[in-house]
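Both backbone and side-chain heavy atoms feed into the values below; hydrogens, waters and symmetry mates do not. Each ligand, and each atom within it, is numbered from 1 in the order the structure gives. Every value quoted in this text rests on a predicted model; they were computed, and no experiment measured them. When a residue number appears, it is its place in the shown sequence, counting from 1.
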Amino acid sequence: MPMTDQIQPIILTGDRTTGPLHLGHYAGSLKNRVGLQHTHRQFLLLADTQALTDNAHDPDKVRRNVIEVALDYLAVGIDPALSTICLQSALPALAELSMLYLNFVTVARLERNPTIKDEIQARGFGRDIPAGFLCYPAAQAADITAFKAQVVPVGEDQAPLIEQTNEIVRRINRQVGRDILPEARALIPAIGRLPGVDGKAKMSKSQGNAIPLSASSDDIRDAVHRMYTDPNHLRVSDPGSIEGNVVFMYLDAFDEDPAGVEDLKARYRHGGLGDMAVKRRLEDVLQALLAPIRERRAALARDPEFVLDIVRQGTLKARATTQETLDDVRRALGLFAFDG
Ligand code: TRP
């Protein structure tokens, strides 16, 4: 254990295990996490319980994707010696904390959460919202606080969930008369959300507009080819528009040479630079980024037991941490403990 362990701030973040992760996850959070694991005590949660809140009809999908998401973590450079990868459903303290936290939030407040509202809309639940789904912000507050996390690296769509977590934290702290739980800060990348290759606001597997981290080089080429640009940029000589142009948004997110990108933008705006030339550059950037990730992922996928063992060990470590917080909260609320 390094000497700095005591003073390293704690990070908790996670992903629902509903499908393999894609470039949007990489730009929005994974890349940050790879860097942060060197300076923080980082826990990554495979959120299979949260995945069940809208996938109760397909638990097999949720189970299968536990290993897929773990593979994605390891393939992008999450190092199990520096970060703890753990499984939500195997941490009973999280479920117990969730039950307690539900008493510190109202149904009306849950219904007002903008992320939940959007997700309810997108899933077409109507009046038939699974109760677990409506209440998952309380469970996510349990995830975050169980690790006493101060920093939560997430995409911008998660900001309302961190805000709601902090509301619950303040209510509990006020109730028990001291700060037993720390508030958490969302760490959101400046780059903003990566759109889908079709130009839709969000990249998602179900929309078929995502580039998964496991994409083959042909997949990458095809995705860049059909990427949305400026529909009014018909001839190479025409001036083109950068705003809403997906190719440039991806270059902004992934090209390591921002000055080169600015130069391309100027030439594109001026006229004389064709979509194909810009797409060729983006394809090179993405091929170079994803090739080593794909190779590492394929090598690890050949040994699922090795990957599961990493998750198992991380989960056992997380069990102790989360149980400690649960005990603190139980004690602070004055609940009887018959076991010691
Ligand atoms: N809600 C996150 C997502 O949609 C997953 C998640 C579960 C999470 N628990 C978390 C994120 C705690 C940050 C912190 O992918």
Side-chain angles (χ1 to χ4, degrees), residues 9-30 32-33 36 40-55 61-62 65-66 68-70 72-73 78 83-91 93-95 97-98 101 110 113-120 122-123 130 132-169 181-189 193-194 202-206 210 213 314-315 318 321-322 325:
I10 299 170
I11 286 182
L12 179 279
T13 185
D15 297 275
R16 293 181 196 167
T17 59
T18 51
L21 304 181
H22 52 62
L23 271 183
H25 295 110
Y26 186 78
S29 177
L30 291 174
N32 260 344
R33 301 180 198 173
L36 289 165
H40 292 66
R41 194 158 168 231
Q42 180 164 258
F43 294 90
L44 301 182
L45 193 62
L46 298 162
D48 59 340
T49 314
Q50 189 178 110
L52 278 174
T53 63
D54 64 339
N55 286 284
K61 174 174 95 177
V62 172
N65 282 299
V66 166
E68 295 298 322
V69 175
D72 287 327
Y73 287 170
I78 296 296
S83 297
T84 304
I85 301 175
C86 51
L87 183 65
Q88 191 178 33
S89 65
L91 296 170
L94 299 183
L97 279 173
S98 302
Y101 290 3
L110 289 164
N113 184 309
T115 302
I116 301 298
K117 265 165 88 174
D118 287 353
E119 290 179 341
I120 287 171
R123 285 160 180 71
F133 188 86
L134 181 67
C135 298
Y136 91 69
Q140 191 155 322
D143 299 342
I144 293 167
T145 56
F147 293 91
K148 300 212 159 88
Q150 293 124 295
V151 184
V152 187
V154 282
E156 63 181 344
D157 62 306
Q158 294 289 304
L161 287 154
I162 314 303
E163 205 174 300
Q164 185 150 23
T165 293
N166 287 335
E167 278 178 39
I168 292 173
V169 164
L181 300 173
E183 291 193 36
R185 182 168 61 82
L187 191 70
I188 296 166
R193 179 144 81 192
L194 202 65
K202 193 175 177 179
M203 186 181 262
S204 92
K205 188 173 178 254
S206 56
L213 294 173
T315 303
T321 309
T322 54
T325 306

For atom 6 (C) of ligand 1, find the nearest protein heavy atom and state the residue, atom name and distance (0.1 Å precision).
Gln140 OE1, 3.6 Å
Where's the contact between Gln88 and ligand 1, heavy-atom distance under 4.0 Å: side chain, backbone, both or neither?
neither
So if I count the atoms of ligand 1 from 1 in the order they appear, which ones are less than 4.0 Å from some heavy atom of Leu12?
12 (C), 14 (C)
Which of the atoms of ligand 1 are close to Ala47, meaning less than 4.0 Å from one of its heavy atoms?
7 (C)
If you have a sec, work out which protein heavy atom is nearest atom 9 (N) of ligand 1 and how many Å separate them, to one decimal?
Asp143 OD2, 2.8 Å
Spacing of Leu52 atom CG and Gln88 atom CD [to the nearest 0.5 Å]:
9.0 Å
Does Arg16 approach ligand 1 within less than 4.0 angstrom via side chain, backbone, both or neither, non-hydrogen atoms only?
both
Minimum heavy-atom separation for Pro160 to Thr115, with atom names?
CG-OG1, 3.2 Å
Contacting atoms of ligand 1, where contact means under 4.0 angstrom from a heavy atom of Val152
13 (C), 14 (C)
Taking the six-membered ring of Tyr26 as reference, does the cationic atom of Arg33 (NZ for Lys, CZ for Arg) lie under 6.0 Å from its centre and within 45° of its axis?
no
shortest atom 7 (C) of ligand 1-to-protein heavy-atom contact is with Gln50 NE2, 3.3 Å
Would you indicate whether Lys61, at its atom NZ, is surrounded by more than 12 heavy atoms from other residues, nucleotides or ligands within a distance under 6.0 Å?
yes
Is the shortest side-chain N to carboxylate O distance from Arg185 to Glu163 below 4.0 Å?
no
Is a side-chain donor-acceptor pair under 3.5 Å present for Ser98 with Tyr136?
no
What atoms of ligand 1 come within less than 4.0 Å of a heavy atom belonging to Val154?
13 (C)
Could you check whether Ser89 and Asp48, counting side-chain N and O atoms only, form a donor-acceptor pair closer than 3.5 Å?
yes
Tell me, which pairs form a side chain to side chain donor-acceptor pair (under 3.5 Å) where one or both residues lie in residues 150-162, sequence neighbours left out?
Gln140-Gln158
Ligand-side contact atoms (ligand 1) for residue partner Thr13, heavy atom cut-off under 4.0 Å
13 (C), 14 (C)
Per-atom contacts, ligand 1 versus Gln158 - under 4.0 Å to a heavy atom
1 (N), 2 (C), 3 (C), 4 (O)
